[in-house]
Asks: 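My structure is below; once you've seen it, I'll send some questions.
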Amino acid sequence: MNKEILIICESMYHGNTKKLAAAMARKLNCRLLNCEEASSENIEDYKIIGLGSGIYFTAHHPKLLEAAGKMNNGQKAFIFSTHGSPFLGKYHNSLKTILDKQGIPVIGEFSSRGYDCTGPYIIVGGGNKGKPNENDEMKAARFVNRILPQYCKGTDTVHNGHNVEIRYNECIGCNKCYAVCPMKVFEIKDKKPIIKNEADCTHCSLCINNCPEQAISIHHSLKEAIAIAKRHARRTSL
Ligand SMILES: Cc1cc2nc3c(=O)[nH]c(=O)nc-3n(C[C@H](O)[C@H](O)[C@H](O)COP(=O)(O)O)c2cc1C
């Protein structure tokens, strides 16, 4: 677990922003707290803090603004949000003003549309249905990868010359990868997963997404991906 980065997220409406926060926390392998949880933490112990919430009346949640007010100069921040209306406007400005006053640099900003039933959306039964979706979560993960590449785990490259890799220095032997893999790629040996049946891996990423330590990488070249598709095209059931 990364001890230098913390994400604080207040997601009081539909849990929209928390979806992005969770994707970022997975990519950074760092802690994710809401504002109340963060208030009982020493947030000054972290080098970088990600601050995110929905946008409510053109600004981040007041509790998040309060949390930002407790940061020290010497720390860095990144900001994210979800918003209902079609454009972001100056919705990050209140938070940025607080950070600026404390001399805290903002190293990046990210925002996605989020499901919203307020205002004009009342008439149509809600706007941005299904948002943020998986694609937005992927974009959120790519955002932290772009601004903090040194902290992100390379979940899409392998170093063992194969297609699937388990980093045993990080694997805690929870064996969730074994449990979720529909293709039986893994086997358990001495209470830990081993890769048994790599050729059947469809790159579905269920193992990566369920690994609490982000200890698994999968990589297929384009040629291999085409070969997988061809091989599995002949299957008629799991
Ligand atoms: C009380 C309230 C006020 C809102 N004000 C705005 C706004 O000013 N601009 C906007 O784009 N969206 C606004 N929204 C929509 C939310 O920003 C959007 O639904 C967001 O995804 C909610 O995030 P959450 O589920 O993480 O709380 C508002 C929503 C609520 C409930």
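Counting starts at 1 for both ligands and their atoms, in listed order.
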Asks: Give a yes-or-no answer on whether the side chains of Y13 and T82 include a donor-acceptor pair shorter than 3.5 Å.
Replies: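 There is no such pair (donor and acceptor under 3.5 Å, judged by atom type) between the side chains of Y13 and T82.
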Asks: Testing the 3.5 Å rule here: is there a donor-acceptor pair between the side chains of H83 and S111?
Replies: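 There is such a pair between these side chains.
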Asks: Tell me if a side-chain donor or acceptor on E198 pairs with a main-chain N or O of N163 at a distance below 3.5 Å.
Replies: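 A pair under 3.5 Å: yes.
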Asks: Under the criterion side chain to side chain contact (heavy atoms under 4.5 Å, CB included), I'd like the reasoning laid out for H60 against I55: C-alpha separation, chi angles, the key distance, then a yes or no.
Replies: CA-CA 5 Å; H60 280 93; I55 295 296; 4.3 Å; yes
Asks: Given side chains that start at C-beta, do those of K176 and P193 come closer than 4.5 Å, heavy atoms only?
Replies: no
Asks: For ligand 1, would you mind listing the residues that have at least one heavy atom less than 4.0 Å away, ordered by chain and number?
Replies: S11, M12, Y13, H14, G15, N16, T17, G54, I55, Y56, F57, T58, T82, H83, G84, S85, Y91, G114, Y115, D116, T118
Asks: Under a 4.0 Å threshold between the charged nitrogen and the carboxylate oxygen, would D200 count as salt-bridged to K184?
Replies: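 A salt bridge is absent here (no side-chain N lies under 4.0 Å from a carboxylate O).
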